[in-house]
Number of protein chains: 2
Amino acid sequence: MQSEPAPREGTLARPTLADVAARAGVSASTASLAFSGSGPVSDATKERVLAAAAELGYAGPDPRARSLRRGRSGIVGVVLEERVRAAFLDPVKIQMLDGITEGIAPLGAGLLLLTDTGEAGGNAVGIESAPVDAVVLVGCSPRLGDAVEVLRRRGIPAVAIEGAAGEGVPQISIDNREATRRGAEYLRELGHTDVALVTLPFDADRTRGPLTPELIAASTADTASERLAGARLVFPDANGRAAAASSIEEGREAGLALLADPATRPSAIIAQSDLLAAGVINAAEELGIAVPAELSVLGFDGIRVDGLQHDLTTLAQPSVAKGRAAGEAVVQLLAGEPGESVCFTSTLHVGDTTAPHPARAAR
Amino acid sequence: MQSEPAPREGTLARPTLADVAARAGVSASTASLAFSGSGPVSDATKERVLAAAAELGYAGPDPRARSLRRGRSGIVGVVLEERVRAAFLDPVKIQMLDGITEGIAPLGAGLLLLTDTGEAGGNAVGIESAPVDAVVLVGCSPRLGDAVEVLRRRGIPAVAIEGAAGEGVPQISIDNREATRRGAEYLRELGHTDVALVTLPFDADRTRGPLTPELIAASTADTASERLAGARLVFPDANGRAAAASSIEEGREAGLALLADPATRPSAIIAQSDLLAAGVINAAEELGIAVPAELSVLGFDGIRVDGLQHDLTTLAQPSVAKGRAAGEAVVQLLAGEPGESVCFTSTLHVGDTTAPHPARAAR
DNA sequence: CTGTTAGCGCGTTCAC
DNA sequence: GTGAACGCGCTAACAG
C-alpha cells in the first residue's frame with residue numbers, strides 16, 4: 001500500500017478514516033469511535049483524531065459505508081401518488097409532510113421523495129430500490145397494493161396515510177364518512193334540504209363533471225367516496241359535481257355550474273375540501289349570491305385558506321397530527337414494535353359561511 | 001461460517017445476492033449482472049437467476065451495498081433554508097422543485113429534503129452526512145457559505161439557486177434588479193410617481209414593518225435587496241413595508257398599512273411577489289379602492305395565484321426552468337463537466353392590475 | 001458468455 | 001483505553 005495514493009484527475013484523493021487514523025497515530029477502530037462518539041475514547045486521543053481529520057480535510061465518515069455497516073441509511077421515504085408539483089399544491093399534504101418530519105425527528109432521518117408513478121427504469125431509485133429504512137405511503141392509489149408487496153419483500157416497514165394498507169402496515173386515517181355526516185346533519189339542522197356536493201376527483205383521470213353513478217362506481221379514491229357516502233347518509237339524493245383537483249379555481253368552476261341557474265340553485269353546498277369551498281364562495285360572490293345569507297358553504301380540512309376573508313365552516317382534520325402519527329408509527333416499527341394505527345376524528349368548526357336556510361331565517 | 005444463520009425474532013434471514021446465485025447455480029457476479037442488466041448474460045442464465053430470486057423472495061440488490069460499491073447513491077439533496085412547511089407554501093419553490101425533478105430525470109435519482117437549520121445532532125442525516133451524490137442549494141442564506149465549504153470537503157458537487165455560491169458552484173439566478181427596474185419603468189411610463197413597495201423579508205428574523213435604512217443595510221436576503229435596488233433605480237425615494245413572508249395575508253396587511261391613509265396613499269404598489277401583490281389587491285378592495293383605476297399593482301413571479309380574479313401585471317420568472325437548469329447543472333457536474341451557470345430573464349407580463357395614473361387618465 | 005479475485009469504507013467484535 | 005482482524009453485500013476488473 002502506498003502512503004501517497006496518486007491523486008486522479010487533479011482531484012486530491014479524498015482521505016478515508018484509515019488515513020486519519022494513520023495521521024493521528026491510532027488504529028482505525030479508535031478513530032471510528034472518536035467520530036461516532038459511542039465508545040470509550042480518551043479525550044486526548046479524540047482530540048488528536050479530530051485534529052488529524054482537520055489537517056487532512058477529512059469530512060467525516062462516508063455515509064454509504066456507514067449505512068452498509070449499520071444496516072440503516074437514516075432515510076425515510078415518502079411515497080406520493082402524484083408528481084411533486086401536484087402533491088405540494090395541496091396544503092393538507094404539506095402539513096402532513098411537516099407532521100411526518102416532526103414524528104420522525106427522534107430518528108434524525110432525512111425525507112426522500114418518491115413517486116409511484118411509472119416504473120423506475122434502469123438504475124433509477126424507485127420504491128423498489130431506494131435506500132430507505134422505512135416508508136410512508138401517502139394517499140391511496142390502485143397500485144398501492146403492489147408497493148406494499150415490494151416493501152414487504154424488501155423487509156422495509158411501511159405506514160399508510162389515508163389508504164387501504166395491508167397486513168402489518170399501520171394505517172393513519174380520519175373519519176371521512178362520519179365527519180361528513182356530522183357536517184351534513186348540521187346543515188339539516190339549519191333547515192337545509194336542498195344540498196349540492198363538490199367532490200374531490202374520483203379516479204386517476206381526475207374526471208371533472210356531474211356526479212354520475214358510473215363515476216362513483218368506478219371510484220378509486222377512498223377519500224372522495226367516503227365523504228360522499230357520509231353526505232348521502234343525511235341527504236340521500238344530494239347531487240353535484242366532481243372537481244378535477246382540490247383547488248380554488250376548480251371549486252369556483254363547480255360552484256358556477258351549480259349556482260348559475262336560480263331555479264335549481266341549492267341553499268347549501270358541501271365541498272370536500274376547503275380549497276374547493278373557497279372557490280364555491282368566490283363563485284357565489286361573482287353571481288351576487290350572499291354567503292351565508294343565501295348560500296351556506298361547508299368545507300373539509302380546516303386549513304387556513306390564504307386570502308379568503310371568511311371563517312369557513314369546515315370539518316377540521318388534524319393534518320399535522322396525522323403526519324406526526326405516521327412518523328411515530330415509523331419510529332415504532334423501526335424499534336421492532338408493532339406500530340400503532342390511528343383513526344383521527346375531525347371536528348366541525350362552525351364559522352361564518354353557514355346560516356339557517358333562507359326560508360326559515362325569514363320567518 | 002454457518003450455512004444457516006439463525007433467523008432472528010421470527011424474521012427469515014433476508015436472502016442475499018450470493019444466496020440467489022447459489023440457488024441458481026451461478027457465480028455471484030453473474031447474478032449481479034443479471035440484475036443490473038448492464039453486462040453480457042445469456043437469457044437462459046438470467047431467467048434462472050430471476051427464478052431463483054423469486055423462489056427465495058429476493059427483492060433485488062441492497063441499495064446500501066450497491067451505493068458503497070458504485071460510489072454513487074442515486075440521491076440528490078435539496079437544501080431548503082426553512083422548514084419543509086414554510087418552503088412549500090411558496091409556489092415558486094414548488095415549481096423549482098418540480099423543475100429540478102425534470103432536470104435530474106436522466107439520473108433517475110431521488111430527491112432528499114434537507115434543511116440547513118440547526119445542526120444535525122447525533123447521527124442525524126444533515127448536509128454534512130447525507131448520502132447524496134450532489135446537492136441543490138435553494139435560496140440564499142447567511143450560512144450558505146458554511147454549507148458550500150462542508151460540501152467541498154466532502155467532494156459533493158453543488159448548485160446554487162438564487163444565492164451567492166462560490167468557486168466551482170454553478171449558480172442559477174434571475175435578473176432580479178434589472179427586471180424590477182423594467183417593471184418600475186413601466187409604471188413610470190404610465191405616469192406614476194408616487195410608488196410604494198412591499199418587499200420580501202430581509203433577514204432571518206423576517207422582520208415585518210416599515211422599510212428602514214437599518215433593515216435594508218442588515219439584509220441577508222439577496223433577492224429582496226436586489227429587487228428593492230431595481231425599484232429605486234427608477235423611484236429613488238420609494239418607500240414601503242417589508243413583509244414577514246411571501247403570502248397573501250402578509251401582502252394584505254402591508255397593503256392595509258400603506259393604503260389606509262388617503263392623504264399618503266400611493267398610486268401604485270410594487271410587490272416583490274405575486275402572493276404579496278394579491279394581498280395588496282385584497283386590501284385595496286376592502287378599502288374600496290379600485291384596482292387598477294385608482295391603484296396599480298405590480299407583482300413578481302408570474303405564478304397563477306389560486307383564487308385571484310385578476311390577471312396580475314407581474315415580472316414572470318421561469319421558475320420551472322430555473323429548477324430544470326439547476327438539475328441539468330447537477331447532471332453536468334456528475335458527468336465531470338464544469339456545470340453551467342445560468343441567469344434567466346424575467347419578462348414583464350402586462351395584465352389588468354396596472355393602469356395609467358388616475359390624474360393622467362382623467363385628462 | 002461466465003467464474004474468480006479483490007476490495008469499496010467503515011463498525012464491530014474480540015483480545016491485549 | 002486501544003489495536004487487529006473480519007465482513008456488511010455487492011460489483012469492477014480481469015481471466016478463462
Side-chain angles (χ1 to χ4, degrees), chain A residues 1-2 5 8 13-49 52-53 56 58-74 122-123 125 129 131 133 154-156, chain B residues 1-3 5 8 13-49 52-53 56 58-74 123 125 129 131 133 154-156:
Chain A
M1 190 189 298
Q2 305 203 192
R8 63 176 184 182
R14 209 142 296 289
T16 166
L17 223 199
D19 298 334
V20 174
R23 187 83 159 79
V26 300
S27 80
S29 71
T30 303
S32 174
L33 291 182
F35 276 101
S36 64
S38 50
V41 191
S42 76
D43 285 350
T45 313
K46 188 169 184 175
E47 205 146 317
R48 211 140 37 84
V49 173
L56 291 171
Y58 177 70
D62 182 328
R64 290 179 292 253
R66 173 196 281 245
S67 73
L68 173 59
R69 191 55 223 174
R70 301 237 262 226
R72 288 257 173 112
S73 64
N123 46 356
V125 41
S129 69
D133 296 337
R154 291 188 60 195
I156 294 179
Chain B
M1 189 189 298
Q2 305 205 193
S3 60
R8 63 176 184 183
R14 208 144 296 288
T16 165
L17 223 200
D19 298 334
V20 174
R23 187 83 159 78
V26 298
S27 80
S29 72
T30 303
S32 175
L33 291 181
F35 275 100
S36 65
S38 52
V41 190
S42 76
D43 286 349
T45 312
K46 187 169 184 175
E47 206 146 316
R48 210 140 37 85
V49 172
L56 261 41
Y58 178 71
D62 182 326
R64 290 178 293 252
R66 171 194 285 242
S67 71
L68 173 58
R69 190 57 246 222
R70 301 236 263 225
R72 289 257 174 111
S73 64
N123 46 356
V125 42
S129 69
D133 296 337
R154 291 187 60 194
I156 294 179

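Letters go in sequence order (proteins before strands), and every chain restarts at 1.
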Chemist: Hey, is the main chain of A:A24 close enough, under 3.5 Å, to the side chain of A:R48 for a donor-acceptor pair?
Modeler: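 Yes, A:R48 side chain to A:A24 backbone: donor-acceptor pair under 3.5 Å.
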Chemist: Atom CG of A:D43 and atom P of D:dG1: how far apart are they, to the nearest Å?
Modeler: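 For the pair A:D43 CG and D:dG1 P, the rounded distance is 9 Å.
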Chemist: I'd like to check the side chain to side chain contact (heavy atoms under 4.5 Å, CB included) partners of B:A22; sequence neighbours left out, ordered by chain and number.
Modeler: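 For B:A22 there are no side chain to side chain contact (heavy atoms under 4.5 Å, CB included) partners, ignoring immediate neighbours.
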Chemist: Going 5' to 3' along nucleotides 6-16 of chain C, which nucleotides have protein heavy atoms under 4.0 Å from the base (write B), which only from the sugar-phosphate (write S), and which from neither (write -)?
Modeler: BBBBBBB----
Chemist: Take the C1' atoms of the five end pairs on each side of the helix from C:dC1-D:dG16 to C:dC16-D:dG1, get both axes, and report the angle to 10 degrees.
Modeler: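 The angle, to the nearest 10 degrees, is 30°.
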Chemist: Got B:L17 and B:P61 here, is their nearest side-chain heavy-atom distance under 4.5 Å?
Modeler: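 Result no, sub-4.5 Å side-chain heavy-atom pair not found.
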Chemist: Strictly by salt bridge (charged side-chain N to carboxylate O under 4.0 Å, His left out), give each pair with a member in residues 21-35 of chain A just once, sequence neighbours left out.
Modeler: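 Output for this query lists A:R23-A:E55.
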Chemist: Contact class for B:S67 (heavy atom, under 4.0 Å): base, sugar-phosphate, or nothing?
Modeler: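 The residue B:S67 makes no contact with any strand.
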Chemist: Sequence neighbours left out, what passes side chain to side chain contact (heavy atoms under 4.5 Å, CB included) with B:T30? Give chain and number order.
Modeler: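 Side chain to side chain contact (heavy atoms under 4.5 Å, CB included) list for B:T30, sorted by chain: B:V26, B:S27, B:V41, B:T45.
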Chemist: Are the side chains of B:V125 and A:P63 in touch, meaning some heavy atoms are under 4.5 Å apart?
Modeler: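 The answer is no; the side chains never approach within 4.5 Å.
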Chemist: Please report the shortest heavy-atom distance between A:P15 and A:Y58, naming the atom on each side.
Modeler: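 Looks like O-CD1, 3.3 Å.
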Chemist: List for me each residue that meets side chain to side chain donor-acceptor pair (under 3.5 Å) alongside B:S73, sequence neighbours excluded, and say none if there are none.
Modeler: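 Side chain to side chain donor-acceptor pair (under 3.5 Å) list for B:S73, sorted by chain: B:D133.
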